[in-house]
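Here the structure is laid out as C-alpha cells; the discussion comes afterwards.
Hydrogens, waters and symmetry mates are skipped; everything else that's a heavy atom, side chains included, is used. These numbers were taken from a predicted model, which means no experiment stands behind them.
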2 protein chains.
Amino acid sequence: MDRQQMARLLCSHGVRPTQQRLSVYEYLLGHPIHPSVDTVYEAVSVDQPTFSRTTVYNTLHALVQAGLVRELPLCSEERRYDAGLTPHAHFRCVACGCIKDVPLAQDTVTSLLPDGGETLAGCMVQGQELSLSGLCAACSADHEV
Amino acid sequence: MDRQQMARLLCSHGVRPTQQRLSVYEYLLGHPIHPSVDTVYEAVSVDQPTFSRTTVYNTLHALVQAGLVRELPLCSEERRYDAGLTPHAHFRCVACGCIKDVPLAQDTVTSLLPDGGETLAGCMVQGQELSLSGLCAACSADHEV
DNA sequence: TTCCTTATTTGTAATGATTACAAATATATA
DNA sequence: TATATATTTGTAATCATTACAAATAAGGAA
C-alpha cells in the first residue's frame, strides 16, 4: 500500500492524513512486529528528528480509535500495537518477551460465544483478543539444556 | 475455604502462608471483581493499617508465580487480578471499565489451536486468555438514549 | 523456650510509561 | 491570501510499578 492509498484509508476512517500519522501507520504496516510506542518513536525519528513522542502517542490513539490499529492486551510493561486486522491470536514468550502471530480462522473466537458473540448478557461485543503465553521455540530449547 | 485450607493450598504451591499473603488471597477469593493492586491494598489496609503496598505487589507476584492467581491482560492502565481458575473469558466495557466473567466450556480455547494448543510452531503454550471488549448492558442502554 | 538463620514486610526513593498542557506549527476552507 | 481549526511539539506532571535497605516475622535447631 503506497502513501496515497494510506491517506485515503485514513480519510475514510475520519483521520486526517498528516505526514506524521502516515509515517506511523506506514511503519506499523511495514513492520508487523507489534512494536511499542518507543520502538515506533525511534524508527520514525530517524528520518524526522523533530518527531515528538507525544505525537506517536496521539497518532496511535487516533488510529486505534478509528479501528485501523489494535492495541494488544498482552499486559506487559508497555503497550504494543498492531496494524494487522486479519483475525489472529498472539503468543507471548514469558522468557524473552517476543510476540508471535497465531493465525485463526475467521469467526473461530466468536463461535465460542452465545449468539455468535453478538450479545452477551446484554453486552455489545465489539472487540476480541485471544492471548497465549508460554515459552517460544528458542526459549524452550534453552530450558532443556 | 477457611484460612487454614488456604494456608495448606499456599504451602502445596510453595508459597509460605504469611498473614499478609493469606489476607490478599482471601480478599481475591471473596471478591471476584478482578481488583487492581490498589483495590486490594485499600481493602486489606482497613483491618491492618500497616499493610504495605509493596507487600501487595510482592504477594500478587508470588501468587501468580505459583499459579494460584491470574494476571488479566486487559491492557488498561492498571493490572487486574483474578483468583478464579475455572476457564472463563473476560469482557471489559470500554465505557465504564467494568469487567465481567464470560463462562467458557473447558478446552474451548485450546481446541482452536493446532495440536490442541500443546505446541505452536515449537512454542510451549502455558497460559491463555480470551478478552472481549465493547459496551456492557448498562452503557449500551445509555448510548441508545 | 530461646537462639539463629532466612524469608518477608515495610516505607521511601527511583524508574519508566503515559498524560496534561500551552505555545508553535500545519492544514483546510473561505 | 486570510482565517479558523486541528495537529504537533516539548516540557512538566502523573501514576503504576520496581528497587532497595532496614525492620520484622517465621521456622528450625539446640
Side-chain angles (χ1 to χ4, degrees), chain A residues 3-4 6-8 10-27 34-66 68-69 71-81 97, chain B residues 3-4 6-8 10-27 34-66 68-69 71-81 97:
Chain A
R3 239 171 143 89
Q4 199 170 10
M6 278 189 257
R8 273 196 290 270
L10 265 59
C11 273
S12 70
H13 283 74
V15 178
R16 192 186 286 187
T18 64
Q19 292 306 314
Q20 288 88 342
R21 286 172 176 171
L22 288 172
S23 294
V24 168
Y25 190 52
E26 186 175 41
Y27 178 79
H34 320 92
S36 66
V37 173
D38 233 56
T39 302
V40 175
Y41 170 68
E42 296 293 343
V44 296
S45 294
V46 173
D47 290 335
Q48 303 160 75
T50 66
F51 215 111
S52 167
R53 200 181 303 266
T54 300
T55 298
V56 178
Y57 277 100
N58 290 341
T59 298
L60 289 171
H61 287 172
L63 293 175
V64 168
Q65 195 77 15
L68 289 167
V69 167
E71 188 177 297
L72 302 184
L74 293 164
C75 212
S76 50
E77 323 69 39
E78 57 192 4
R79 299 185 187 163
R80 300 299 201 91
Y81 294 88
Chain B
R3 238 170 144 89
Q4 198 170 12
M6 280 189 256
R8 273 196 291 270
L10 264 60
C11 274
S12 70
H13 284 75
V15 177
R16 192 187 286 187
T18 65
Q19 291 307 313
Q20 288 88 341
R21 287 171 174 172
L22 288 172
S23 294
V24 168
Y25 190 53
E26 186 175 43
Y27 177 80
H34 322 92
S36 66
V37 173
D38 233 56
T39 302
V40 175
Y41 171 68
E42 296 294 342
V44 296
S45 293
V46 173
D47 289 336
Q48 304 160 76
T50 66
F51 215 111
S52 168
R53 200 181 304 265
T54 300
T55 300
V56 179
Y57 277 99
N58 289 343
T59 298
L60 289 171
H61 287 172
L63 293 175
V64 169
Q65 195 77 16
L68 289 167
V69 167
E71 188 178 297
L72 303 185
L74 293 164
C75 211
S76 50
E77 323 70 39
E78 57 193 4
R79 299 186 188 161
R80 300 297 202 93
Y81 294 87

Nearest whole angstrom, please: distance from the C1' of C/dT19 to the CG of A/Asp38. 15 Å
Can you find a side chain N or O atom of A/Gln20 that sits less than 4.0 Å from OP1 or OP2 on D/dT9? yes
Below 4.0 Å: OP1/OP2 of D/dT17 and any side-chain N or O of B/Arg79: yes
Side-chain N or O of B/Thr18 less than 4.0 angstrom from OP1 or OP2 on C/dT9? yes
Ignoring backbone atoms, establish whether B/Thr55 has a side-chain N or O less than 4.0 Å from OP1 or OP2 of C/dT10. yes
For A/Gln65, does the CD atom sit with more than 12 other heavy atoms under 6.0 Å from it, leaving out its own atoms? no
In whole angstroms, how far is the P atom of C/dT8 from the CD atom of B/Gln65? 12 Å
Between B/Arg16 and B/Thr54, the residue closer to the 5' end of DNA chain C by nearest nucleotide is B/Arg16
What integer distance in Å separates B/Gln48:CD from D/dT24:P? 17 Å
Short side-chain N/O contact from A/Arg21 to OP1 or OP2 of D/dT7, under 4.0 Å: yes
Selected nucleotide, minimal atom distance to B/Arg53 side chain, candidates D/dT17, C/dA20, C/dT18: D/dT17
B/Glu78 CD to D/dA16 P, straight-line distance once rounded to whole Å: 6 Å
Expressed in angstrom and rounded to an integer, what is the separation of A/Glu77 atom CD from D/dA19 atom P? 11 Å
Which part of the nucleic acid does A/Asn58 contact within heavy-atom distance under 4.0 Å: base, sugar-phosphate only, or nothing? base
So does A/Ser52 get a side-chain nitrogen or oxygen closer than 4.0 Å to the phosphate oxygens (OP1/OP2) of D/dT8? no
Residue closer to the 5' end of DNA chain D, B/Val37 versus B/Gln19 (nearest nucleotide): B/Val37
For a quick test of reading the model: is some side-chain N or O of B/His61 closer than 4.0 Å to OP1 or OP2 of D/dT18? yes
Whole angstrom value for the distance that separates C1' of C/dT8 from CG of B/Leu63: 14 Å
By the 4.0 Å heavy-atom rule, please label B/Thr50 as base, sugar-phosphate, or nothing. sugar-phosphate
Please say which of B/Val24, B/Val40, B/Leu72, B/Val37 ends up in a side-chain contact (heavy atoms from CB on, under 4.5 Å) with B/Tyr81. B/Val37
For the pair made of OH in A/Tyr41 and C1' in C/dT18, what is the distance, rounded to whole Å? 15 Å
Quick one: CZ on A/Arg3 to CG on A/Leu22, what's the gap to the nearest 0.5 Å? 5.0 Å
From B/Tyr57 OH over to B/Arg79 CZ, what is the distance, rounded to the nearest 0.5 angstrom? 7.5 Å
Can you check whether B/Tyr25 reaches B/Thr59 side chain to side chain, under 4.5 Å on heavy atoms? no
Mind calculating the distance between CG (B/Leu22) and C1' (C/dT9) to the nearest angstrom? 14 Å
